[in-house]
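Okay, structure first, notes after.
These numbers come from the heavy atoms of this one structure, side chains and all, not from hydrogens, waters or symmetry mates.
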Amino acid sequence: MVPLRKPFFFLFLSLLCCMGCQKPVQQERSAAPNVVIFLSDDQGWGDLSHSGNTNLSTPNIDQLAQNGLNFYRFYVAPVCSPTRAELLTGRYHLRGGVSGTSAGAERLDLDETTFAELFQQAGYATGAFGKWHNGTQHPYHPNARGFDYFYGFCSGHWGDYFSPPLEENGKMVQGEGYVVDDFTTKAIEFIENNRESPFLVYLPYNTPHSPMQVPDQWWEKVETRELEMVLPEDRNEDLPFTKAALAMCENIDWNVGRVMDKLKELDLEEHTIVIYLSDNGPNSFRWNGDMKGRKGATDEGGVRSPFFIQWPGRIPQGKTITEIAGAIDLLPTLVDLAGLEPSFPKPLDGKSLLPLMVEDNPSWEERMIFSHWNGNTSVRTQQYRLDKEDQLYDMVNDPGQTTDIAGEYPEIAQQLVQAKTSWDQEMAAELDGKDRPFTLGYPGASITQMPARDGIAHGNVQRSNRFPNDSFFTNWTSTTDKITWDVEVLEAGEFEVQLYYTCSEQNLGSRIQLAVGGNQVQARVLEAHDPPIRGMKNDRVERMESYVKDFKPMNLGRIKLNKGRSEMVLKALEIPGDQVMDVRLLLFKRMN
């Protein structure tokens, strides 16, 4: 167990707060604070009324800044899973093997340490509710990365936000209602159940990521709203998309309010650190403080996030901090705030923000924060940003990155070019040679999912969408077709296998075979299950992601798996109809 620091640390904070805060610190409860972290998905820095956006109202999130601290220049990665990896580990995402958002590239290396593991070791009850996006199969799964409780989905996005299939601590379950509302309800239950001891709640929401779905009560409030802050016509803002995103952000705000109300009801607000941030820039061109770039870009608008932190009586209220900070700083900051004394097996890229939070004149060294995605890197200092094309911008006087000043300040530009080159080389060396099959049969896992997202189609088989995350396989028409997964069985055993499928009446009778490392199981498709594609009913705008179906589990039987790496192959031996089936998922249940 990681010990708690001696009480003098909290006494020091108490003295600071008594001098600078209105309310004295109370010491009735254990010094170990609770932690609640809200992480939104594809919400830009400008998608809050606190940022000055009059197109929407987010009073509950704004209140966190008013009652706590606002880090005005806070930076995350340009896309989802890299930011999550940096939050969890305090290290740049490429160090942890996270180089993409699907097909296994989103997985966080197993030798990385997460903040959840540190808090779990310190005796905290830990729960995650929402979109994980750092690995599906154990031991990449959240239940194996420090979270006692997980309710949500591990993929990068989901095809339907209303009562979708989810998982709960190793069980496949059906969600109840709109996903963000559902995740919040489960988190509140977790807080209630663990009110007597320290808890850590991680709420990585999956909105306003597309598909753009939101309940009527939120959509109707925004649908006819006259938007005051829109982009010039030449920026081609998609106003219906903007309105859907705003509605989703207002729903998030309502759910943040639900959690805060519960903390107050349980008299836990003063004992709880609450943090709010987003995982990247906005997922469309909309008002974002006139910054350049959106999600996926390494420019300011693609990587700047709100970051609010509240701990009543312990950290100052209403303070704005202008020093640059980033996702890599979350872990060391939480460790300091909670008084943990862990040993880190690997050096951190982030640093504790505690001095900036509690000291009037902190000693704070100039630093660089790097942003990377899809082969592009930029570097941010307190005053400058060097972009992916080595153009230099004065971010204090030119926050929109309109004028390249590299020619005027060649020494600064060259210094940052060298720093960026060195960083790129270091990260490339971290990733070099990593070959990670999908893990199967982890001894601590009751089930292992092998979704279509992680498979490879051969022959006529096609994905339902070019974005893998919520896709399924279709057009399986020949005995020469196959679907494969690169797997490594971690511990030998016997497993019951279920295949989640759809098949029409006229295509019944196909005989299929699943083979893994010389062992195989065969079954015949005997029961029709042919539901329609769904998801479009709740879309507010046209989507890019795959539509979905209600897939049904079919028992293939039992298969013995030997330890080691092999190609897992699903193919058809007989096809009496036009095609075999559509496939979403293979589910393995360990029997011994």
Side-chain angles (χ1 to χ4, degrees), residues 35-53 58 60-80 82-90 92-93 115 200-205 208 249 252-253 256 259-260 272-282 288-289 291 295 300-312 314-338 348-358 362 364 367 369-371 380 382 395 399:
V35 179
V36 175
I37 302 168
F38 295 99
L39 176 67
S40 60
D41 192 1
D42 289 1
Q43 180 182 31
W45 175 88
D47 290 331
L48 295 170
S49 48
H50 183 273
S51 299
N53 192 343
T58 53
N60 295 299
I61 300 171
D62 297 354
Q63 195 71 28
L64 296 177
Q66 294 158 13
N67 292 339
L69 298 173
N70 169 25
F71 279 81
Y72 189 67
R73 297 185 177 100
F74 190 89
Y75 299 99
V76 295
V79 291
C80 313
T83 290
R84 285 160 167 74
E86 293 183 359
L87 290 175
L88 287 165
T89 65
Y92 285 115
H93 62 93
F115 65 68
L200 181 145
V201 169
Y202 178 43
L203 269 161
Y205 291 142
C249 290
I252 292 173
D253 184 77
V256 168
V259 174
M260 298 309 296
T272 305
I273 300 165
V274 180
I275 292 171
Y276 189 90
L277 74 161
S278 180
D279 65 353
N280 46 247
N288 196 31
M291 291 183 285
K295 175 183 179 178
E300 191 85 354
V303 295
R304 187 176 172 192
S305 163
F307 186 88
F308 308 143
I309 178 168
Q310 170 188 303
W311 190 8
R314 299 295 184 118
I315 61 176
Q317 179 177 332
K319 180 179 178 181
T320 296
I321 297 172
T322 58
E323 283 85 354
I324 61 171
I328 53 175
D329 300 327
L330 180 68
L331 181 146
T333 301
L334 284 177
V335 164
D336 258 7
L337 284 172
L348 302 183
D349 293 305
K351 56 194 296 188
S352 172
L353 302 174
L354 186 60
L356 295 176
M357 297 164 70
V358 300
W364 194 255
R367 67 189 302 205
I369 294 179
F370 296 87
S371 301
R380 182 68 151 87
Q382 188 64 36
M395 301 305 296

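Going from atom CG of L277 over to atom CG of L64 covers 11.5 Å, rounded to the nearest 0.5 Å. Atom CH2 of W364 is separated from atom NZ of K351 by 4.0 Å, given to the nearest 0.5 angstrom. In this structure, F115 CZ and I37 CD1 are separated by 3.5 Å, a value rounded to the nearest 0.5 Å. Here CG of L48 is found 11.5 Å from CG of N60. Values are rounded to the nearest 0.5 Å. Rounding to the nearest 0.5 angstrom, the gap separating the CG atom in N288 from the CD atom in E300 is 9.5 Å. Between I275 atom CD1 and F307 atom CZ the span is 4.5 Å, to the nearest 0.5 Å.
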*asked:* side chain to side chain contact (heavy atoms under 4.5 Å, CB included) for I328 and L348? Distances and angles first, verdict last.
replied: CA-CA 8 Å; I328 53 175; L348 302 183; over 6 Å; no

Would you check, one step at a time, whether the test side chain to side chain contact (heavy atoms under 4.5 Å, CB included) holds for Q382 with E323?
CA-CA 7 Å; Q382 188 64 36; E323 283 85 354; 4.1 Å; yes

With side chain to side chain contact (heavy atoms under 4.5 Å, CB included) as the test, would you mind laying out the steps for D41 and Y205 before giving the verdict? CA-CA 6 Å; D41 192 1; Y205 291 142; 5.7 Å; no

For this session: Carefully, step by step, assess D279 and V76 under the rule side chain to side chain contact (heavy atoms under 4.5 Å, CB included).
Result: CA-CA 6 Å; D279 65 353; V76 295; 5.7 Å; no

So D253 and T58, side-chain hydrogen bond (donor to acceptor under 3.5 Å, both in side chains) or not? Walk me through it. CA-CA 5 Å; D253 184 77; T58 53; 4.6 Å; no

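Within the 3.5 Å criterion, the main-chain N or O of H50 finds a donor-acceptor partner in the side chain of D62. The closest donor-acceptor contact from the side chain of E86 to the backbone of H93 lies under 3.5 Å. No donor-acceptor distance shorter than 3.5 angstrom exists from the side chain of D42 to the backbone of N280, with no hydrogens or angles considered. T333 places a side-chain N or O within donor-acceptor distance of the main-chain N or O of L353, the cut-off being under 3.5 Å.
Under the 4.5 Å side-chain criterion, counting only non-hydrogen atoms from C-beta, R73 is in contact with R380. Between I252 and P208 there is a side-chain heavy-atom pair separated by less than 4.5 Å. Under the 4.5 Å side-chain criterion, counting only non-hydrogen atoms from C-beta, V259 is in contact with L203. Proximity of I273 to I309: side-chain heavy atoms (C-beta onward) are separated by under 4.5 Å at one or more points. Side-chain contact check for Q317 versus W311: every heavy-atom pair is 4.5 Å or farther apart. Inter-residue side-chain proximity for I61 and F38 is flagged as unmet; no heavy-atom pair is nearer than 4.5 Å. Side chains of Q310 and L69 form no contact here, defined as non-hydrogen atoms less than 4.5 Å apart. Two residues are said to be in side-chain contact when any heavy atoms from C-beta on lie closer than 4.5 Å; L88 and L331 fail this criterion.
A donor-acceptor pair shorter than 3.5 Å cannot be found between the side chains of N53 and D47. Checking S352 against D336 by side-chain atom types alone, a donor-acceptor pair falls below 3.5 Å. Checking Y75 against R304 by side-chain atom types alone, no donor-acceptor pair falls below 3.5 Å.
For S278, the side-chain hydrogen bond (donor to acceptor under 3.5 Å, both in side chains) test picks out S40, with sequence neighbours left out.
The two residues W45 and P306 come nearest to each other via the heavy atoms CA-CD, 3.7 Å. The minimum heavy-atom distance linking L356 with K319 is given by the pair O-NZ, 3.0 Å. Between A77 and P82 the shortest heavy-atom distance is CB-CB, 3.7 Å. Listed here is the closest heavy atom pair of G46 and S51: CA-CB, 4.1 Å. The two residues A325 and F71 have their closest heavy-atom pair at CB-CD2, 4.1 Å. Minimum heavy-atom separation, K295 to C80: NZ-SG, 4.0 Å.
Using a 4.0 Å cut-off between charged nitrogen and carboxylate oxygen, D329 and R367 count as a salt-bridge pair.
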